[in-house]
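Protein chains get the first letters and strands the later ones, always in sequence-line order, with residue 1 at the start of each.
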2 protein chains.
Amino acid sequence: MPVTAADRVLLEIQRAIVEGDIPAGSKISEPELARRFDLSRAPLREALARLERCHLIERIPNAGARVVTLSKEGLISLYQLREELEGLACRLAAEQMTDAEIAEVRALLDQHLSTQRVREGESYYQEAGDLDFHYRIILGSKNPYLINILCDELYFLVRMYRVQLGMNGPRVSRAFDEHKAIIHAIANRDGELADLLMRRHIGASRRNIELQLTGNQA
Amino acid sequence: MPVTAADRVLLEIQRAIVEGDIPAGSKISEPELARRFDLSRAPLREALARLERCHLIERIPNAGARVVTLSKEGLISLYQLREELEGLACRLAAEQMTDAEIAEVRALLDQHLSTQRVREGESYYQEAGDLDFHYRIILGSKNPYLINILCDELYFLVRMYRVQLGMNGPRVSRAFDEHKAIIHAIANRDGELADLLMRRHIGASRRNIELQLTGNQA
DNA sequence: TTTGGTGTTATTGTCGACAATCTTTGTGTT
DNA sequence: AACACAAAGATTGTCGACAATAACACCAAA
């Protein structure tokens with residue numbers, strides 16, 4: 001949990017950027033944000049440094065910071081990495097996860113399924129559940145560097161693409177089946193298959209967002 | 001190039017940690033380092049934040065920072081990632097690199113070969129050359145997130161393992177041939193082969209360092 | 001002797017002000 | 001009218017001091 005003031009404001013700004021409250025591409029003003037969140041520039045700059053780390057803002061020395069802009073090229077680059085890294089996470093998870101951890105993930109999926117049946121097509125819960133699933137697999141890899149990159153550095157940007165470009169269509173309900181198949185492969189200790197399924201899962205997700213992106217800006 | 005004071009001190013501390021001038025596992029004292037590099041704590045803390053980003057130090061809120069310790073598990077986790085990410089870099093480079101860029105890398109290798117013939121077994125130059133080669137391939141992938149992770153976040157730690165655990169034996173001279181084979185595959189636009197060769201190359205490097213690690217601490 | 005609590009010390013987190021740099025606006029020249 | 005240059009304004013980077021938290025030492029009691 002957030003212990004320092006910089007931690008708190010980081011979470012607030014992360015949420016604001018991901019949800020578009022602070023618009024993509026807009027300039028960041030340190031004095032303004034300091035007033036808005038009622039703290040000094042010192043902890044704010046600490047937060048900005050971490051925002052840069054997770055690719056939500058871009059800083060230029062002596063010139064200031066801007067919120068990142070979403071683009072097709074950026075999406076593709078990001079998802080190329082995700083496919084590779086989460087595929088690796090699946091292979092490692094198939095070796096490293098305990099039976100108890102696997103059972104937990106399965107229980108999580110069943111829980112998601114029951115709530116999703118009720119809120120058919122509602123994207124927010126699905127997204128939260130999807131991220132939750134991916135988080136579990138990544139943590140299951142037990143590789144600290146991999147966990148850091150995916151959970152701390154890349155996922156906020158992934159969420160930003162999802163939230164700002166929408167996440168809907170038949171894709172939402174299919175994701176559950178794909179999750180089921182992945183955890184099943186992991187339970188069978190079939191890392192190669194889990195890897196393949198995860199890559200397909202992420203690839204399908206990318207194409208879905210890509211469609212929204214080309215449709216909206218064309 | 002370093003433009004701000006925080007940039008300069010970051011480079012200095014990075015070098016100091018990588019080369020063991022500031023020992024692995026030692027505690028970081030902000031006031032002491034501020035005096036040592038003759039600046040205030042503000043830019044120093046900025047530098048520490050970036051050091052944490054590239055995994056050279058570990059910070060605990062309100063408790064301070066320590067230089068990371070090198071371990072077999074850490075080495076394996078790090079090189080698992082390298083294999084995967086640099087393999088991906090090879091596949092992308094085989095598609096994205098221009099003929100001119102490929103020619104440059106080949107010229108670079110020839111140049112390294114001539115100097116290496118002279119300084120047979122000298123590890124420092126080899127290491128610098130090896131890193132230079134890997135840098136070129138990674139940049140050739142044209143994927144900004146991949147480049148950031150490998151060049152800015154992971155490579156200092158890789159260098160730390162290499163420098164502090166030594167890099168010697170017949171491995172040093174073999175690396176050149178492996179480099180040649182990799183760039184050859186990329187020139188043929190054979191991404192799959194380049195991927196495979198790079199994974200082997202990194203795997204061999206890992207085993208080499210692993211040997212040093214088990215030998216020294218046993 | 002060991003353990004628990006407390007007071008002291010040192011370190012980190014935060015603040016407000018100053019200095020250096022960049023951006024912008026306005027003016028003069030070609 | 002367009003361009004270059006200069007001054008003004010704003011923003012970022014840096015500094016020194018204060019506040020809050022954690023580590024340490026010391027003492028007391030079991």
ask   = What is the nucleic acid contact for B/Leu44, judged by heavy atoms within less than 4.0 Å: base, sugar-phosphate only, or nothing?
value =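 Counting heavy atoms under 4.0 Å across all strands, no contact is made by B/Leu44.
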
inquiry  = Regarding B/Leu48, tell me which of base, sugar-phosphate or nothing describes its non-hydrogen contacts under 4.0 Å with the strands shown.
reply    =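 Result for B/Leu48 = nothing.
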
Starting the side chain at C-beta, find the nucleotide from [options] nearest to [X].
X: A/Ser40; options: D/dT12, D/dG13, C/dT14; result: C/dT14
X: A/Asn62; options: D/dG13, C/dT23, C/dC15; result: D/dG13
X: A/Glu30; options: D/dC15, D/dT12, C/dT12; result: D/dT12

Please give, in whole Å, the distance from [N] [atom2] to [X] [atom1]?
X: B/Leu33; N: C/dT11; atom1: CG; atom2: P; answer: 12 Å
X: A/Arg59; N: D/dT11; atom1: CZ; atom2: P; answer: 15 Å
X: B/Arg8; N: C/dA20; atom1: CZ; atom2: P; answer: 13 Å
X: B/Leu39; N: D/dG13; atom1: CG; atom2: C1'; answer: 12 Å
X: B/Asp7; N: D/dG13; atom1: CG; atom2: C1'; answer: 11 Å
X: A/Lys27; N: C/dC22; atom1: NZ; atom2: C1'; answer: 10 Å
X: A/Glu52; N: D/dT12; atom1: CD; atom2: C1'; answer: 14 Å
X: A/Arg35; N: D/dT11; atom1: CZ; atom2: C1'; answer: 12 Å

5′-ward residue of the pair A/Pro43/B/Ser29 relative to DNA chain C = B/Ser29

Within the structure, does a side-chain N or O atom of [X] lie under 4.0 Å from either OP1 or OP2 of [N]?
X: B/Thr4; N: D/dT12; value: no
X: A/Arg41; N: C/dG16; value: no
X: B/Arg45; N: C/dT12; value: no

query = Any luck finding a side-chain donor-acceptor pair between B/Glu86 and B/His134 under 3.5 Å?
reply =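 Yes - a donor-acceptor pair under 3.5 Å links their side chains.
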
ask   = How about A/Arg82 and B/Tyr145: does a side-chain donor come under 3.5 Å of a side-chain acceptor?
value =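 Per modelled atom types, A/Arg82 and B/Tyr145 side chains form no pair under 3.5 Å.
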
query = Between A/Glu73 and B/Asn143, is there a donor-acceptor pair closer than 3.5 Å when you use the side chain of the first and the backbone of the second?
reply = no

inquiry  = Tell me whether B/Ser26 contacts the main-chain N or O of B/Pro23 through its side chain, where contact means a donor paired with an acceptor under 3.5 Å.
reply    =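 Checked: pair present.
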
inquiry  = Go nucleotide by nucleotide along DNA chain D from the 5' end; which of B/Ala63 and B/Val3 gets its closest nucleotide reached first?
reply    = B/Val3

query = Closest approach of B/Cys90 and B/Met198, non-hydrogen atoms and distance?
reply = SG-CB, 3.5 Å

